[in-house]
**Q** 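For reference, the structure I am asking about is given below.
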There are 2 protein chains.
Amino acid sequence: MDDRLPRYLKLRDEIAARIAALEWLPDQPLPTELDLSQAYGVAIGTVRKAIDVLEQEGHVERFQGRGTFIRRASFDQSLFRFFRFQRADGQRRPPQSRILARDVLPPPTAIAMSLKMSIEQIAAGAPTIRLSRLRIVGEQPLVREQIWLPHAPFSALADLPLPEFADLLYPMYEARCGQVVARASERLTIGEADEDDVEKLQLAPGAPVVVIERTAFAHDNRVLEWRVSRGAAAHFSYEIEIR
Amino acid sequence: MDDRLPRYLKLRDEIAARIAALEWLPDQPLPTELDLSQAYGVAIGTVRKAIDVLEQEGHVERFQGRGTFIRRASFDQSLFRFFRFQRADGQRRPPQSRILARDVLPPPTAIAMSLKMSIEQIAAGAPTIRLSRLRIVGEQPLVREQIWLPHAPFSALADLPLPEFADLLYPMYEARCGQVVARASERLTIGEADEDDVEKLQLAPGAPVVVIERTAFAHDNRVLEWRVSRGAAAHFSYEIEIR
DNA sequence: AAGTGGTCTAGACCACGGT
DNA sequence: CCGTGGTCTAGACCACTTT
């Protein structure tokens, strides 16, 4: 704790720590701004500025009249950020998901590193859960994914019958494992269709493929998930605003 | 002007209009917050909130002790956002630019639309300036670009001898034409190497190519430039934070 | 030393959501 | 109706830049 920091930033850190400690879940409001100002002995304007920062960082969301709430990432439309793909009727619905396989196994070193597993865990052969998944819009397989989860917080998913997996995983992480995804970081590259791409996505061998590697984080910066998604480059389109 | 809008947003709009009217250039400070609060008859906190918004939108930049200034876009590193490419010594320097050609001509309709030219202008065959450019890091040609500019504001560049073009265009737009780029929007897709790519970027025919279309805007939302950049997909890598 | 934006306070009133 | 966050005020003091 740096005494040179302004009060509102110190307060931000204190509240961020309580968020990281899971003191509130996305459906429970934080204390009101007045309560916080009294509890920490600062003016309400200072509390507001601290929460401004947390809001900009994506940790909380404010609703006038209701309160301030922990924010959950909502990437329902995330595939559509990268792939233009519409159903015949022009609608955008979350793609269907088909789990092809689930394995419980110690991860390759590179993936253990991406999951920020400790040296001890890696040496001890700590297991992970690997999901292989196909995402389908209409009848067309669009993207195939491999998803790696640390076993401990997600053990409930190691035994769940495959048919009970929903189309969207993040709500399941929250409902079944109490894990809230707060943010993610992604890396895009271009590769070539491998044998599985040819078979599962019906691509020509060697066709260009967009590869998206995503690391998803909790509010306390624990890595919750590492996934790699592959889809035909022909469908790829991505738009950015630069300021 | 909507009377239901809070005061700080109305004030934001007033200042934004003055920015759009080029009342200040990036090196001249805006009036101080105290001056603005007196000029508009609001409290200084309200002025600060209005400027907060303008700062978030990327219109202005604040410097404690110096003042508040119009922001210029600085995409010096913009190619490196998309292409991993290092010099032998690991440094990242802005790529060199070689202008291959400059033409003054009426644009194809699609590009006239992208430049937001009016129907009348298009019908009258209003000219544009087209630059063909190669961007080179070390000895390696990395990206080739076609850049289209509306003729009127950029006429100074229609006559400038090609050797006087600098590696970075946006500072030239400002210095020679008084045009400040405030923001841009980009669209990424994947294509195949065409004949020019094969020749100028030394790619195999049909090799995957990343295509970046950029529209650059002034503070008043005039389109200043439309450009398309093409580079080998093999060098492509892009990272995003999602919140 | 003078002038700028940054922090902090204390309090009033407004707009919205749920009871 | 009450409680929430949102707006607005007036003023004090701090940190930094320039003269």
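Proteins get letters first, then strands, A, B, ... in listed order; numbering begins at 1 in each. No hydrogens, no waters, no symmetry mates; every other heavy atom, side chains included, goes into these values.
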**Q** If the cut-off is 4.0 Å, is B:Thr32 near the phosphate of C:dG3, judged by side-chain N/O to OP1 or OP2?
**A** no
**Q** Could you state the CD1-P distance from A:Ile44 to D:dG5, rounded to the nearest angstrom?
**A** 8 Å
**Q** For B:Leu36 and D:dT9, what is the distance between atoms CG and P respectively, to the nearest whole Å?
**A** 14 Å
**Q** Nearest-Å distance, CG (B:Leu11) to P (D:dT7)?
**A**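 That distance rounds to 14 Å.
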**Q** Would you please classify the geometry between the B:Tyr238 ring and the A:Tyr238 ring as parallel, tilted or perpendicular, with 30° and 60° separating the classes?
**A** tilted
**Q** Is the phosphate of C:dT4, meaning OP1 or OP2, less than 4.0 Å from a side-chain N or O of B:Arg62?
**A**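 Result: no.
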**Q** Under 3.5 Å, is there a donor-acceptor pair between the B:Gln146 and B:Arg230 side chains?
**A**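 Result is no, nothing qualifies.
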**Q** Using whole Å, report how far CG of B:Leu9 lies from P of C:dC14.
**A** 18 Å
**Q** Check the orientation of A:Phe83 and A:Phe236. Use parallel for under 30°, tilted for 30 to 60°, and perpendicular for over 60°.
**A**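 Ring orientation of A:Phe83 relative to A:Phe236: perpendicular.
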**Q** When the distance from CD of A:Gln38 to P of D:dT4 is rounded to whole Å, what number comes out?
**A** 11 Å
**Q** Exactly one of B:Lys49, B:Arg62, B:Arg71 should register a salt bridge (charged side-chain N to carboxylate O under 4.0 Å, His left out) with B:Glu55. Which one does?
**A**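 Running salt bridge (charged side-chain N to carboxylate O under 4.0 Å, His left out) over B:Lys49, B:Arg62, B:Arg71 with B:Glu55 returns exactly one hit, B:Arg62.
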**Q** Can a side chain N or O of B:Lys49 be found less than 4.0 Å away from OP1 or OP2 on D:dT7?
**A** yes
**Q** What nucleotide among C:dT7, D:dC8, D:dG6 has an atom nearest to a side-chain atom of B:Pro6?
**A** D:dC8
**Q** Taking only the side-chain heavy atoms of B:Tyr8 (C-beta and beyond), determine which of D:dT7, D:dC16, C:dT9 contains the nearest atom.
**A** D:dT7
**Q** Can you tell me the distance, in whole Å, between the CD atom of B:Glu33 and the C1' atom of C:dC8?
**A**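 Value for this atom pair: 15 Å.
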**Q** Find the distance B:Asp52:CG to D:dC8:P and express it as a whole number of Å.
**A** 13 Å
**Q** Hey, does B:Arg7 reach any base, or is it just sugar-phosphate, or nothing, if we go heavy atoms under 4.0 Å?
**A**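 Answer is sugar-phosphate: B:Arg7 comes under 4.0 Å of backbone atoms only.
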**Q** Go through the steps to decide whether A:Arg48 and A:Glu33 satisfy the test salt bridge (Lys or Arg N to Asp or Glu O under 4.0 Å), and finish with yes or no.
**A** CA-CA 7 Å; A:Arg48 285 188 60 73; A:Glu33 298 176 343; 2.9 Å; yes
**Q** Taking the nucleotide of DNA chain C with the nearest heavy atom to each, does A:Ala43 or B:Arg48 sit closer to the 5' end?
**A**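 By nearest-heavy-atom nucleotide position, the 5'-most residue is B:Arg48.
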**Q** By nearest atom, which of the nucleotides D:dT9, D:dG5, C:dT9 is closest to the B:Thr46 side chain?
**A** D:dT9
**Q** Of all the choices, C:dC8, D:dT7, D:dG6, which nucleotide is nearest to the side chain of A:Gln64 once you look at every atom?
**A**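 From the listed options, D:dG6 comes nearest.
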**Q** Roughly how many Å is it from CZ in A:Phe63 to P in D:dG3, rounded to a whole number?
**A** 22 Å
